[in-house]
Asker: 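Would you mind keeping the following structure in view while I ask a few things?
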Amino acid sequence: MANRTDPAAKSIRGTNPQNLVEKIVRSKIYQNTYWKEQCFGLTAETLVDKAMELDHIGGTYGGNRKPTPFMCLVMKMLQIQPEKDIVVEFIKNDDYKYVRVLGAFYLRLTGIDSDIYRYLEPLYNDYRKVRRKSPDGNFMLTHVDEVIDELLTRDYSCDIALPRIKKRWTLESLGVLDARKSVLEDDFEEEEEKDEMEQDGLEEEVAHEKDYYRARSPARERERDWRRDSHRHRDRDYDRDRDYDRERGRGRDRERDRDRDRDRDRYRLREEKEYGYERERDREREGRERDRRDRERGRRRSRSRSRSRERKRHGRSSMSPRRHEAEDGNAPEESKKKGKKEKKEKKEKKDDGTDHPDPEIAEANRIRASLGLKPLKL
């Protein structure tokens with residue numbers, strides 16, 4: 001029962017007034033101790049006393065998102081829906097600034113566009129300080145005019161989504177609102193009048209001085225002579241400056257040509273150096289290739305020489321037993337037969353070309369002999 005809206009209350013923007021506060025914030029307010037103890041049974045008359053006890057404004061704070069007393073009183077006003085005259089008196093109260101902010105906040109939620117601008121814009125001239133509790137639980141300092149500007153220009157304030165309102169220039173074009181007048185408009189008008197008077201006085205003094213100097217003919221003659229001389233000197237200085245600029249331009253052209261030639265020479269030297277480096281690299285590469293080929297040839301020659309020496313040594317060792325037998329006189333006939341066979345084998349080898357000093361040719365002759373072909377004759 002304590003959380004229900006007054007049956008006599010009218011719907012605002014087509015819904016229950018308490019629905020202007022989001023459901024999560026509304027449930028937090030219903031569970032708060034301040035709402036249960038201090039806001040129970042309040043009426044439009046007794047609500048003023050609780051509003052006068054406020055010492056800060058704000059929405060929800062802390063890890064559990066607890067609502068502030070300011071938010072609980074806003075919720076109570078939405079529940080009981082006080083009359084418009086009472087809300088206007090809240091806004092016009094100069095003694096208690098938090099009562100004024102409470103009335104302005106309620107009017108921003110429930111009022112029409114023209115009333116919001118009409119009653120809240122004069123509060124731009126209230127520069128009193130107010131305390132505001134931030135979401136982390138700390139207090140911060142702000143001013144009444146800043147709170148009013150937030151209500152008129154922002155879509156969110158104190159964790160509540162504010163209803164949309166039309167722009168002021170739209171209402172002015174529709175004729176609902178008059179053009180806004182600044183409080184300092186009278187002061188501006190006085191300043192403009194003073195400026196106009198001072199400007200008129202200066203113009204009169206200048207005109208009087210002109211008439212006074214025109215009446216004195218010798219002074220005017222001297223002034224003409226002075227102006228004529230000044231024009232001559234000015235033309236002379238202009239010619240001198242023009243010649244100087246022309247010389248400076250030529251000097252710049254020469255410097256530009258020198259820089260261009262210098263850059264061209266530098267680019268040519270760089271290309272020559274790069275080309276010289278490439279030629280040196282090619283020469284070094286060719287020298288390394290030549291040395292490698294020479295080493296390969298030397299290795300091949302040494303291998304062929306070593307192979308031919310081994311064959312010669314093998315032939316001498318095969319002849320040594322026959323000579324020993326001939327010297328000893330043991331079986332002279334057999335030794336003669338062996339000598340004939342060896343001679344025949346030597347002739348056949350010579351005919352086959354397998355004893356060629358070049359190992360490659362000798363190998364080719366062996367293959368040809370195995371195939372029944374004639375040896376290579378080189």
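No hydrogens, no waters, no symmetry mates; every other heavy atom, side chains included, goes into these values. Quick caveat: nothing in here was measured; it's all calculated off a predicted structure.
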Asker: How would you list, by chain and number, every residue that makes a salt bridge (Lys or Arg N to Asp or Glu O under 4.0 Å) with R13, sequence neighbours excluded?
Answerer: none

Asker: Is I367 reachable from L373 through a run of I, L, V, M, F, W or Y residues, each pair having side-chain heavy atoms under 4.5 Å apart?
Answerer: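 Looking at the clustering, I367 is in the same group as L373.
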
Asker: Do you know which two heavy atoms are closest between A161 and E22, and how far apart they sit?
Answerer: CB-OE2, 4.1 Å

Asker: Using the test salt bridge (Lys or Arg N to Asp or Glu O under 4.0 Å), find all partners of R168 that sit at least two apart in sequence or belong to another chain.
Answerer: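 So R168 forms a salt bridge (Lys or Arg N to Asp or Glu O under 4.0 Å) with E121, E172.
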
Asker: List the steps and the verdict of salt bridge (charged side-chain N to carboxylate O under 4.0 Å, His left out) for E363 and R366.
Answerer: CA-CA 5 Å; E363 184 68 23; R366 288 195 200 94; 2.9 Å; yes

Asker: Looking only at heavy atoms, what is the nearest atom pair of I80 and T43, with distance?
Answerer: CD1-C, 3.8 Å

Asker: Of the non-hydrogen atoms in I116 and R108, which two are nearest, and what is the gap between them?
Answerer: CD1-O, 3.9 Å

Asker: Could you go through I160 and L20, starting from their C-alpha distance and side-chain angles, then the distance that decides it, and tell me whether this counts as side chain to side chain contact (heavy atoms under 4.5 Å, CB included)?
Answerer: CA-CA 8 Å; I160 293 180; L20 295 175; 5.9 Å; no

Asker: If you count every heavy atom of other residues, nucleotides or ligands that lies below 6.0 Å from E83 atom CD, does the total exceed 12?
Answerer: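 Incorrect, the count does not exceed 12.
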
Asker: Which pairs, with at least one residue in residues 73-125 and sequence neighbours excluded, count as a ring pair (Phe, Tyr, Trp, His ring centres under 6.0 Å)?
Answerer: F70-F105

Asker: So which heavy atom on A44 is nearest to which on I86, and how close?
Answerer: CB-CD1, 3.8 Å

Asker: Which atom pairs, donor and acceptor, lie under 3.5 Å between side-chain atoms of residues 49-60 and protein residues at least two apart or in another chain?
Answerer:
from: K50; atom 1: NZ; to: Q38; atom 2: OE1; distance (Å): 2.6
from: T60; atom 1: OG1; to: R65; atom 2: NH2; distance (Å): 3.2
from: T60; atom 1: OG1; to: D159; atom 2: OD2; distance (Å): 2.5

Asker: Spell out, as yes or no, whether a donor-acceptor pair under 3.5 Å connects the side chain of D136 to the backbone of N138.
Answerer: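 Yes.
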
Asker: Quick one: side-chain hydrogen bond (donor to acceptor under 3.5 Å, both in side chains) partners of R164, sequence neighbours excluded?
Answerer: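 For R164, no residue satisfies side-chain hydrogen bond (donor to acceptor under 3.5 Å, both in side chains) once neighbours in sequence are set aside.
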
Asker: Give the C-alpha distance, both sets of side-chain angles, the deciding distance and a yes or no for salt bridge (charged side-chain N to carboxylate O under 4.0 Å, His left out) between R283 and E286.
Answerer: CA-CA 5 Å; R283 290 173 185 171; E286 291 176 359; over 6 Å; no

Asker: Dump the intermediate steps for salt bridge (charged side-chain N to carboxylate O under 4.0 Å, His left out) on R260 and D263, then the final yes or no.
Answerer: CA-CA 5 Å; R260 195 179 296 113; D263 293 338; over 6 Å; no

Asker: Start with the C-alpha gap between R285 and D282, add the side-chain angles, then the distance that decides, and say whether side chain to side chain contact (heavy atoms under 4.5 Å, CB included) holds.
Answerer: CA-CA 5 Å; R285 196 180 299 111; D282 295 338; 2.9 Å; yes

Asker: Any donor-acceptor pair under 3.5 Å linking the side chain of K97 with the backbone of K129?
Answerer: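 It does hold such a pair.
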
Asker: Closer than 3.5 angstrom, by distance alone: can the side chain of R100 be matched with the main-chain N or O of D95 as a donor-acceptor pair?
Answerer: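 Not a single qualifying donor-acceptor pair exists.
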
Asker: State, yes or no, whether a side-chain contact exists between D6 and Q81 at a heavy-atom distance under 4.5 Å.
Answerer: no

Asker: Give me the atom names and distance for the closest heavy-atom approach of A104 to I91.
Answerer: N-CG1, 3.8 Å

Asker: Just by distance, do the side chain of R132 and the backbone of T142 share a donor-acceptor pair under 3.5 Å?
Answerer: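 Side chain of R132 to backbone of T142, a donor-acceptor pair under 3.5 Å: no, none is there.
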
Asker: Nearest 0.5 Å, what's the CG-CE distance between L42 and M77?
Answerer: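 Taking CG in L42 and CE in M77, the distance rounds to 11.5 Å.
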
Asker: Would you say the side-chain atoms of R154 pair up with the backbone N or O of L162, donor to acceptor, closer than 3.5 Å?
Answerer: no

Asker: Can you name the closest pair of heavy atoms from S173 and T170 and give their distance?
Answerer: OG-O, 2.6 Å

Asker: Counting only heavy atoms not in E360, do more than 12 fall under 6.0 Å of its CD?
Answerer: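 Not more than 12 within 6.0 Å, no.
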
Asker: Take atom CZ of R300 as the centre, draw a 6.0 Å sphere, and report whether it contains more than 12 heavy atoms from other residues, nucleotides or ligands.
Answerer: no

Asker: Are D145 and N125 close enough, and set up right, to give a side chain to side chain contact (heavy atoms under 4.5 Å, CB included), and what steps lead you there?
Answerer: CA-CA 7 Å; D145 60 326; N125 301 319; over 6 Å; no

Asker: Between E289 and R292, is there a salt bridge with N-O shorter than 4.0 Å?
Answerer: yes

Asker: Before you tell me yes or no, could you show the steps for D291 and R288 under salt bridge (charged side-chain N to carboxylate O under 4.0 Å, His left out), namely the whole-Å CA-CA distance, both residues' side-chain angles and the distance that decides it to 0.1 Å?
Answerer: CA-CA 5 Å; D291 295 339; R288 286 195 294 271; over 6 Å; no

Asker: Checking the side chain of T153 only, and the main-chain atoms of D149 only, is there a donor and an acceptor separated by less than 3.5 Å?
Answerer: yes

Asker: Applying side chain to side chain contact (heavy atoms under 4.5 Å, CB included) to Y61 and S134, what does each step give before you reach the verdict?
Answerer: CA-CA 7 Å; Y61 66 93; S134 59; over 6 Å; no

Asker: When clusters are formed from ILVMFWY side-chain contacts under 4.5 Å, directly or step by step, what else is grouped with W169?
Answerer: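 Once heavy-atom contacts under 4.5 Å are chained together, W169 still belongs with nothing else.
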
